2 protein chains.
Amino acid sequence: MIRVTQQGNVIRGILEKSGRPLSPQEIYGMARRKISGLGIATVYRNLKSLQADGLIAAVELPGQPPRWEVAPQNHHHHFLCNSCDKLYEIPACTEDLRQLLPEGYILQEHDILLRGKCAACVAKSNS
Amino acid sequence: MIRVTQQGNVIRGILEKSGRPLSPQEIYGMARRKISGLGIATVYRNLKSLQADGLIAAVELPGQPPRWEVAPQNHHHHFLCNSCDKLYEIPACTEDLRQLLPEGYILQEHDILLRGKCAACVAKSNS
DNA sequence: GTCGTTGCAAAGCGTTTGCAGCCTA
DNA sequence: TAGGCTGCAAACGCTTTGCAACGAC
């Protein structure tokens with residue numbers, strides 16, 4: 001039987017309120033403000049069990065620890081800002097990936113990560 | 001001054017002869033057959049210095065340690081086989097990524113990773 | 001002989017696990 | 001009260017670093 005705990009509620013709440021995927025460290029920092037004695041292991045354990053329940057999903061990034069988002073409704077990709085290192089959701093996808101494949105290969109999934117400067121950082125550097 | 005060593009030559013040779021990006025462990029295993037006392041730290045150090053010289057490049061994969069390939073001539077992407085876990089080069093790219101961006105965002109780079117079954121594994125499962 | 005490179009072992013870093021105590025149901 | 005959950009500390013896997021010995025020049 002799964003129990004409702006303060007720690008679990010806070011961690012889930014942080015992910016639901018954040019509009020973008022968060023790293024375990026970001027979540028840990030935010031959750032610590034509400035539960036002072038919180039351990040990092042509890043964050044990881046809660047993330048794993050929320051994932052097992054299908055409530056959240058890991059966003060794996062090349063060369064970085066994964067970030068976590070509430071379970072997505074639609075197929076989408078992500079944009080990583082080179083300036084502020086924040087990750088944003090891109091609710092669109094491109095169609096013509098299958099034509100890139102060599103003969104005989106079967107395409108099952110694909111990851112797309114766009115990188116650049118987010119609107120907030122563009123605005124900052126123009127000011 | 002950079003010195004020519006047996007270890008460096010073997011590691012570079014392995015990457016040049018392999019037609020696909022290799023993980024440090026794969027490289028270590030192959031190199032150990034030629035230099036029995038080789039240490040894993042030497043593999044990492046050589047990969048880093050070959051990268052600094054621009055001779056090889058790291059291929060960062062989501063949720064996995066990076067693999068290494070000889071420095072690419074052209075922009076390209078990769079295909080990861082879900083069956084044999086080998087990574088292949090895809091010498092093509094799709095054009096219409098910029099249109100996926102929200103307003104105000106600037107696109108600088110992009111990563112695309114295709115996943116599925118490579119031709120060799122498709123052939124194997126049909127036999 | 002100099003000093004860049006090596007192998008080993010120890011240290012890092014992010015993540016996971018063992019365990020006794022806590023707290024939800 | 002039972003047993004899932006927590007915090008702590010130790011363990012983990014991959015990678016990096018310190019250091020004395022080695023070997024290319």
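Everything quoted here is computed from the prediction, not taken from an experiment. Letters A, B, ... mirror the listed sequences (proteins, then strands); counts begin at 1.
- When heavy atoms are screened at a 4.0 angstrom cut-off, I40(B) is found touching no nucleic acid atom at all.
- Contact annotation: side chain of R45(A) to base of dC5(D), donor-acceptor pair absent below 3.5 Å.
- Mapping V43(B) and P24(A) onto DNA chain C by nearest heavy atom places V43(B) at the nucleotide closer to the 5' end.
- By the 30° and 60° cut-offs, the orientation of the rings of Y88(A) relative to F79(A) is tilted.
- Computed from coordinates, the Q6(B) CD to dC22(D) P distance equals 16 Å when rounded to whole Å.
- The CG atom of L47(A) sits 13 Å away from the C1' atom of dT16(C) (whole-angstrom rounding).
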Please walk me through it: do Q25(B) and I40(B) pass side chain to side chain contact (heavy atoms under 4.5 Å, CB included)?
CA-CA 8 Å; Q25(B) 292 299 334; I40(B) 184 72; 4.1 Å; yes
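- Between the P atom of dT2(C) and the CZ atom of R3(B) lies a distance of 12 Å, rounded to the nearest Å.
- Relative orientation of the H110(A) and H75(A) rings is perpendicular, given thresholds of 30° and 60° on the angle between their planes.
- The distance from atom CD1 of I2(B) to atom P of dT2(C) is 22 Å, rounded to the nearest whole Å.
- Nearer the 5' end of DNA chain D, as judged by each residue's closest nucleotide, is the contact made by L38(A), out of P66(B) and L38(A).
- The interatomic distance linking E60(A) (CD) with dG14(C) (P) rounds to 16 Å, in whole Å.
- Nucleotide dC5(D) holds its P atom 12 Å from the CD1 atom of I11(A), rounded to whole Å.
- Look at CD on Q51(B): it is 10 Å from P on dT16(D), rounded to the nearest Å.
- Within the 4.0 Å cut-off from OP1 or OP2 of dG7(C), at least one side-chain nitrogen or oxygen of T42(B) is found.
- Of the listed residues (E69(A), E89(A), R115(A)), just one forms a side chain to side chain donor-acceptor pair (under 3.5 Å) with H78(A), and that residue is E69(A).
- Residue contacts for Q7(A): at a heavy-atom cut-off of 4.0 Å it reaches the sugar-phosphate backbone alone, with no base atom in range.
- Taking 4.0 angstrom as the limit, K48(B) places none of its side-chain polar atoms (N or O) nearer than this to OP1 or OP2 of dT5(C).
- As a whole-Å value, the separation of Y28(A) OH from dT16(C) C1' is 15 Å.
- For the residue pair G104(A) and V122(B), the shortest heavy atom distance occurs at O-CG2, 3.5 Å.
- The side chain of T5(B) places an N or O atom within less than 4.0 Å of a non-bridging phosphate oxygen (OP1 or OP2) of dT6(C).
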